There are 2 protein chains.
Amino acid sequence: MGTQMTEMLKGTLEGIVLSILAERPAYGYEITAELRERGFTDIAEGTIYALLIRIETKKLVAVDKVPSAKGPPRKVFTLNDAGRAQLRDFWSTWNELVSRIDNLPHESKGH
Amino acid sequence: MGTQMTEMLKGTLEGIVLSILAERPAYGYEITAELRERGFTDIAEGTIYALLIRIETKKLVAVDKVPSAKGPPRKVFTLNDAGRAQLRDFWSTWNELVSRIDNLPHESKGH
DNA sequence: TTCACTACTAAGTGTTGCTAATTACCACTA
DNA sequence: TAGTGGTAATTAGCAACACTTAGTAGTGAA
């Protein structure tokens with residue numbers, strides 16, 4: 001992936017994943033697929049799994065092992081209250097950043 | 001500063017500074033002040049100087065030493081062609097990220 | 001001479017996303 | 001039976017970035 005996007009995802013990717021989990025519980029592989037559908041085409045699988053471990057450690061999610069018909073058991077992640085609070089923080093920080101950047105000198109900002 | 005914002009600035013701060021330099025040449029202290037005016041209140045001085053060294057190393061700017069009435073000579077940074085190209089890249093990546101994030105599940109996205 | 005302001009530098013830290021390799025499980029097929 | 005392919009998760013090592021903290025100097029005014 002372009003280095004530019006890689007660096008920009010730092011600090012946003014966690015919020016992106018949390019917002020997907022806010023819709024419904026999901027497991028790693030599923031989240032990776034959903035991200036690709038949503039345009040985040042080049043995010044490495046390993047990145048997602050590492051991130052999921054992080055949000056589990058931070059206790060933003062509940063985790064259930066669910067047996068799968070094909071393949072090893074799935075780790076299903078469900079957002080908890082702390083996770084929803086973190087997600088609200090994410091949106092407020094993101095909105096603030098967007099509005100600050102909107103106020104930057106705009107010459108050739110792209111439409 | 002909130003950790004959340006700190007992480008989000010990774011990958012964007014460089015573009016933010018470049019876009020300030022696109023308006024007019026400036027030196028470190030000046031840029032720091034301008035950022036504060038524009039709402040980036042808590043960015044450490046050291047962070048800006050480190051970033052300026054990075055973009056100088058990447059040859060995105062021309063550097064001139066200009067004597068100052070009060071204090072040591074200023075290092076004035078001027079965007080060059082490579083810098084302007086980098087800035088265009090920044091805006092296109094940024095716009096792409098914004099549009100992807102806009103398409104995320106939107107419940108409680110903030111107003 | 002002391003103080004405040006200006007301007008830059010340097011060392012070390014933590015978080016993050018990346019690559020790449022490995023393991024595990026099941027169904028299908030040659 | 002062995003092999004292949006798709007699903008699912010984990011791990012180790014790496015590089016980039018912003019942060020904190022501290023320090024070095026030059027200048028003018030009290």
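What's counted below: heavy atoms across the whole structure, side chains too, no hydrogens, waters or symmetry copies. By convention in this document, chain letters (A, B, ...) are assigned in the order of the sequence lines, proteins followed by strands, and residues within each chain are numbered from 1. Every value quoted in this text rests on a predicted model; they were computed, and no experiment measured them.
- Remark: the backbone N or O of B/Gln4 is not paired with any side-chain donor or acceptor of B/Glu7 at under 3.5 angstrom.
- For the pair A/Gly71 and A/Glu14, nearest-nucleotide mapping onto DNA chain C gives the more 5' position to A/Glu14.
- Residue B/Leu52 is out of contact with every strand shown, counting any heavy-atom pair closer than 4.0 Å.
- Identified under the side-chain hydrogen bond (donor to acceptor under 3.5 Å, both in side chains) test for residues 45-54 of chain A, with sequence neighbours left out: none.
- Taking atom CE of B/Met8 as the reference point, atom P of C/dG14 lies 22 Å away to the nearest angstrom.
- Atoms CD1 (B/Ile53) and P (C/dC8) sit 10 Å apart, rounded to a whole Å.
- Look at B/Arg74 and you won't find any side-chain N or O under 4.0 angstrom from OP1 or OP2 of D/dG26.
- B/Tyr27 has its OH atom 8 Å from the P atom of C/dC8, to the nearest Å.
- Residue B/Val63 is grouped with residue B/Leu60 when hydrophobic side chains (ILVMFWY) are merged at heavy-atom distances under 4.5 angstrom, including chains of intermediate members.
- Following rounding to the nearest Å, A/Leu51 (CG) and C/dC18 (C1') show an atom-to-atom distance of 13 Å.
- Atom CE in A/Met5 sits roughly 15 Å away from atom C1' in C/dC18 (whole-Å rounding).
- Using a 4.0 Å heavy-atom criterion, one finds that A/Ala69 contacts the sugar-phosphate atoms exclusively.
- Heavy-atom neighbours of B/Lys59 NZ from other residues, nucleotides or ligands within 6.0 Å: at or below the threshold of 12.
- Checked against D/dT10, C/dC8, D/dT7, the side chain of A/Lys75 finds its nearest nucleotide in D/dT10.
- A close approach under 4.0 Å does not occur between any side-chain nitrogen or oxygen of B/Ser68 and OP1 or OP2 of C/dT6.
- Between A/Thr6 and the phosphate of C/dG17, there is no side-chain N or O to OP1/OP2 separation shorter than 4.0 Å.
- A/Tyr29 does not carry A/Arg74 over the face of its six-membered ring by the limits of under 6.0 Å from the centre and within 45° of the normal.
- Contact of B/Lys10 with C/dT15 (side chain to base): a donor-acceptor pair of N or O atoms is detected under 3.5 Å.
- One can place CG of A/Leu35 at 11 Å from P of C/dC18, the figure rounded to the nearest angstrom.
- Taking 4.0 angstrom as the limit, A/Tyr49 places none of its side-chain polar atoms (N or O) nearer than this to OP1 or OP2 of D/dT10.
- Ranked by how close their nearest DNA chain D nucleotide is to the 5' end, B/Lys58 and B/Gly46 are led by B/Lys58.
- Atom-to-atom, CD1 of B/Ile43 to P of D/dT21 comes out at 17 Å; the value is rounded to the nearest Å.
- Spacing between atom CD1 of A/Ile48 and atom P of C/dT16 amounts to 13 Å, rounded to whole angstrom units.
- Comparing C/dC25, C/dC8, C/dT6 against the side chain of B/Glu45 picks out C/dC8 as the nearest.
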